[in-house]
Amino acid sequence: MTKHLAIAGLAVAALATTLIAPMAAGATGPGLVRYSVRTDRVVTESFDADNSPCGTAGTVTFDEHTNAAVAATEPGLTDDEVVALLQDDPDGVIRQLTQTSTGTAELVTAGHVYTGRFTIWFGGHWMPNGMYVQTGTFSLTARSELGTLLRVASGGHDLDEFDGTTKMFTQHGSVSGCLP
């Protein structure tokens with residue numbers, strides 16, 4: 001397993017708690033309704049060794065504070081409805097999204113507990129030709145119960161065809177400070 005895959009695993013665990021998947025092609029640009037929402041929640045995700053920054057299975061708990069700016073095809077949505085669409089949007093109501101989540105995190109892996117802070121930034125939108133573009137970053141700085149500093153950083157960019165086929169995907173990142 002490469003560290004890039006491990007970073008992707010932790011980032012995916014974090015992003016999966018708050019992000020939408022590419023949606024069906026449709027309207028973009030003018031005529032969209034703008035929403036701004038804020039949520040606060042605690043999310044715990046399990047991960048296996050293949051998706052761990054330190055190479056062992058564990059859990060990560062995010063106490064997250066999220067701000068999202070959304071452009072959608074439906075007027076009159078409540079904040080709760082917009083937040084629900086951030087989790088699952090099978091009809092492609094959301095056409096543009098910028099989201100920032102920050103807060104505290106607790107990563108438990110290999111018998112160690114790391115506590116610290118994280119930041120996730122994500123942006124995605126439909127282009128006029130029907131292609132979907134998304135970019136995201138993830139960073140975590142935490143200390144173990146022994147005082148060891150753990151740093152995880154990841155970023156990626158994705159371009160999908162209107163049918164969901166990936167045209168381009170890049171991922172990069174680094175991990176330092178894992179205890180055995």
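This is a predicted model, so every value here is computed, not measured. For the single chain, residues carry numbers from 1 onward in sequence order.
The line from CZ of Arg117 to OG1 of Thr141 is 10.0 Å long, rounded to the nearest 0.5 Å. Rounded to the nearest 0.5 angstrom, Arg151 CZ and Arg143 CZ are separated by 8.0 Å. Separation of atoms CD1 (Ile120) and OG1 (Thr66) is listed at 7.5 Å; rounding is to 0.5 Å. From Glu145, atom CD reaches atom OG1 of Thr115 across 9.0 Å, with rounding to the nearest 0.5 Å. One finds the CG atom of Asp63 at 4.0 Å from the OG1 atom of Thr104 (value rounded to the nearest 0.5 Å). With rounding to the nearest 0.5 angstrom, the OH atom of Tyr114 is 10.5 Å from the CG atom of Leu149.
Pro53 approaches Val152 most closely through the heavy-atom pair CB-CG2, 4.2 Å. Closest approach of Glu74 to Tyr35, counting heavy atoms only: O-OH, 2.6 Å. Residues Asp158 and Met168 come closest through the heavy atom pair OD1-O, 3.1 Å. Counting all heavy atoms, side chain and backbone alike, Leu77 lies closest to Ala72 at CD1-CB, 4.3 Å. Gly55 approaches Ala49 most closely through the heavy-atom pair O-CB, 3.5 Å. Between Leu32 and Ala71, the shortest heavy-atom distance links the atoms CD1-CB, 3.8 Å.
Within the structure, the salt bridge (Lys or Arg N to Asp or Glu O under 4.0 Å) test picks out the following pairs touching residues 164-173 (sequence neighbours left out): Glu161-Lys167.
By the 30° and 60° cut-offs, the orientation of the rings of Phe62 relative to Phe138 is perpendicular.
Considering Val82, Val83, Thr98 as possible partners of Val70, the one that fulfils the side chain to side chain contact (heavy atoms under 4.5 Å, CB included) test is Val82.
With sequence neighbours excluded, the residues forming a salt bridge (charged side-chain N to carboxylate O under 4.0 Å, His left out) with Asp40 are Arg38, listed by chain and number.
Transitive grouping of hydrophobic side chains (ILVMFWY, heavy atoms separated by less than 4.5 Å) brings Leu179 and Phe47 into a common cluster. When the side chains of ILVMFWY residues are joined at heavy-atom separations under 4.5 Å, either directly or via intervening members, Leu85 and Val33 end up in a single hydrophobic cluster. In the hydrophobic clustering of this structure, Leu150 groups with Leu146; members are Ile, Leu, Val, Met, Phe, Trp, Tyr whose side-chain heavy atoms approach within less than 4.5 Å, directly or through other members.
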| query | Given the rule in the side-chain contact (heavy atoms from CB on, under 4.5 Å) test, do Gln134 and Leu97 qualify, once you have shown the distances and angles that lead to the verdict? | reply | CA-CA 9 Å; Gln134 63 186 11; Leu97 167 66; over 6 Å; no
| task | Under the side-chain contact (heavy atoms from CB on, under 4.5 Å) rule, what do Phe118 and Ser101 come out as? Steps first, then yes or no, please. | result | CA-CA 8 Å; Phe118 76 94; Ser101 297; 4.2 Å; yes
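Of the possible donor and acceptor atoms, one in the side chain of Asn129 sits under 3.5 Å from a partner among the backbone N and O of Met131.
Between Thr135 and His157, the side chains place a donor N or O and an acceptor N or O closer than 3.5 Å (distance only, hydrogens not considered).
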